[in-house]
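Heavy-atom basis, side chains included; hydrogens, waters and symmetry copies ignored.
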Amino acid sequence: MELDLSPKLAKKVYGGNGGSYHSWSPSELPMLREGNIGAAKLALDKNGFALPRYSDSAKVAYVLQGNGVAGIVLPESEEKVLAIKKGDAIALPFGVVTWWYNEEETELIVLFLGDTSKAHKAGEFTEFFLTGSNGIFTGFSTEFVSRAWDLDENVVKTLVGKQSGNGIVKLDGNFKMPEPKKEHRLGMALNCEEAPLDVDITKGGRVVVLNTNNLPLVGEVGLGADLVRLDGSAMCSPGFSCDSALQVTYIVRGSGRVQVVGVDGRRVLETTLKAGNLFIVPRFFVVSKIASPEGMEWFSIITTPNSPIFTHLAGRTSVWKALSPSVLQASFDVDADTEKLFSSKRTSDAIFFPPPN
């Protein structure tokens, strides 16, 4: 049975007046299960607080919109309190406890992409809440909790039963959350919109790659990531990952067209991508995108913690430029003039091509 590669939108899982949590289901996007990848979004309204939780998956978080505060506790470490803003990427290894808070009018939206190879369900994140109506304390008897923390059972009943919220709650506007510390961002977060560019093509596009060099924690997550901004009507060169990395892409802004070609030269996807879409390119499949006049921006995770190795099929460094003229003639079954015309085109190093004049 052929895999459905069509892009999908996330669906709401839970939420209330403090915000909501959305995820992509492997039943609707089968490549999530196939690639052992999970994807979800957290949206917090003003004074929305995402209760402390940990997950069965290592993730990369990316702030799509707004400003807020994140609390992160690595195993056997002190709490880090980070000011976060649009463009921030944060690596979240296994065993990390996190909470998220928004004190501003603008909705705070955080994207999570991660590896579910060790998760309870392939292609899905399972969250374990420390507090709330479905928190871990609710599963233990008051006797166990009181003995573990040396507390009176009446105090335990208050601790376990007072917070009736599930996952996300709305705090009183006067409630004071911990103040973020600037030094806590070091090594924990990287703003992809402000980081040095790895690729910058005039009227083409720009790329920032997230890897172990600029955010060492991604080595523990086992994933790399990149933010790609394609200018209006520009094209991203056809290419494929030659180190078997899987690409999971979320469209952050704008829109554009995409084509994916797979086994036996068959086009397996041709569609229009829009903001909010998530789609996955299988290993070794060739993908190319053309932005609409408004441009297109996307955030991707790559299933390797270091810079992936891509083979591009256009431009000066493409595989065609490396092959001998006679091999090209024989392969295409064309004459020398046609081969020379083909080889003389796209002589730049670019992976992004500006629109035609």
Side-chain angles (χ1 to χ4, degrees), residues 13-23 38 40-63 66-84 88 90-104 107-114 118-120 124-140 142 144-146 148-149 151 155-181 184-185 188-189 217 220-221:
V13 179
Y14 63 83
N17 62 357
S20 55
Y21 181 85
H22 308 250
S23 72
K41 283 197 298 188
L42 174 68
L44 293 179
D45 299 327
K46 183 177 181 180
N47 299 323
F49 175 47
L51 297 173
R53 81 280 308 274
Y54 62 94
S55 173
D56 61 356
S57 304
K59 307 172 187 175
V60 173
Y62 183 73
V63 182
N67 299 276
V69 180
I72 301 174
V73 182
L74 296 169
E76 300 183 358
S77 299
E78 294 182 352
E79 179 186 53
K80 303 277 190 180
V81 182
L82 287 65
I84 58 174
D88 276 351
I90 307 164
L92 303 173
F94 281 110
V96 169
V97 172
T98 64
W99 55 260
W100 310 81
Y101 178 65
N102 179 25
E103 62 181 357
E104 300 192 1
E107 189 177 36
L108 173 67
I109 304 177
V110 184
L111 173 72
F112 300 95
L113 300 175
K118 297 180 181 178
H120 286 272
E124 296 183 52
F125 299 140
T126 299
E127 294 185 310
F128 297 83
F129 296 94
L130 300 190
T131 65
S133 62
N134 58 345
I136 57 172
F137 281 173
T138 62
F140 286 104
T142 52
F144 271 64
V145 177
S146 63
W149 279 270
L151 292 171
V155 176
V156 170
K157 289 177 181 178
T158 300
L159 283 173
V160 174
K162 187 70 183 299
Q163 179 55 272
S164 59
N166 177 1
I168 299 171
V169 299
K170 188 178 183 71
L171 301 182
D172 183 277
N174 295 320
F175 192 88
K176 294 298 182 183
M177 292 294 284
E179 289 292 327
K181 296 182 178 179
H184 283 181
R185 280 183 59 90
M188 297 293 295
L217 267 180
E220 295 185 37
V221 174

Does the plane of the ring in His120 sit parallel, tilted or perpendicular to the ring in Phe128? Use 30° and 60° as the thresholds.
tilted
Is any side-chain heavy atom of Val81 closer than 4.5 Å to one of Glu179?
no
Between NZ of Lys162 and OG1 of Thr131, what distance do you get to the nearest 0.5 Å?
13.0 Å
Minimum heavy-atom distance between Gly48 and Tyr101, given as atom pair plus value:
O-CD1, 3.2 Å
Hey, are the side chains of Val96 and Ile72 touching, using non-hydrogen atoms and a 4.5 Å cut-off?
yes
Smallest heavy-atom separation, Ala40 atom then Tyr21 atom, equals CB-OH, 3.2 Å
Are the side chains of Lys59 and Leu113 in touch, meaning some heavy atoms are under 4.5 Å apart?
no
State the CZ-NZ distance between Phe94 and Lys118, to the nearest 0.5 angstrom.
5.0 Å
Testing the basics here: between Gly132 and Thr138, what is the closest heavy-atom pair and its distance to 0.1 Å?
O-CG2, 3.6 Å
Any heavy-atom pair between the side chains of Leu108 and Val63 that's under 4.5 Å?
yes
Where Met188 and Ile90 come nearest, the two heavy atoms and their spacing
O-CG2, 3.4 Å
Search all heavy atoms of Glu124 against all heavy atoms of Ala119 and return the closest pair with its distance.
O-CB, 3.8 Å
Can you find a pair of side-chain heavy atoms, one from Leu44 and one from Val110, that are under 4.5 Å apart?
no
Pro75 backbone acceptor or donor facing Ser77 side chain under 3.5 Å
yes
Side-chain contact, heavy-atom cut-off 4.5 Å: Leu130 with Ile136?
yes
Pairwise distance CD1(Ile84) to CG(Asn102) - rounded to 0.5 angstrom
8.5 Å
Phe144, CZ atom: more than 12 neighbouring heavy atoms under 6.0 Å:
no
Can you find a heavy atom in the side chain of Trp149 that is under 4.5 Å from one in the side chain of Leu159?
no
Is it the case that the side chain of Asp56 and the backbone of Thr126 share a donor-acceptor pair, with hydrogens and angles ignored and the cut-off at 3.5 Å?
yes
Given Tyr62, Phe125, Trp100, the one that forms ring-ring contact (aromatic ring centres under 6.0 Å, His included) with Phe112
Trp100
For residues 163-172, dump all side-chain donor-acceptor pairs below 3.5 Å to protein atoms at least two apart in sequence or in another chain.
unit_1	atom_1	unit_2	atom_2	d
Gln163	OE1	Gly165	N	2.9
Asn166	OD1	Asn134	ND2	3.0
Lys170	NZ	Lys46	O	2.7
Asp172	OD1	Asn174	N	2.7

Indicate the atoms forming the closest heavy-atom contact of His184 with Glu79, along with that distance.
CE1-O, 3.7 Å
Test Trp99 against Val69 for side chain to side chain contact (heavy atoms under 4.5 Å, CB included), laying out the working first.
CA-CA 8 Å; Trp99 55 260; Val69 180; 3.7 Å; yes
Between Thr98 and Arg53, is any pair of side-chain heavy atoms under 4.5 Å apart?
yes
Let me confirm one number: the CG-CG distance from Leu74 to Leu217, rounded to the nearest 0.5 Å.
6.0 Å
Nearest-0.5 Å distance that lies between atom OH in Tyr14 and atom OG in Ser23:
9.5 Å
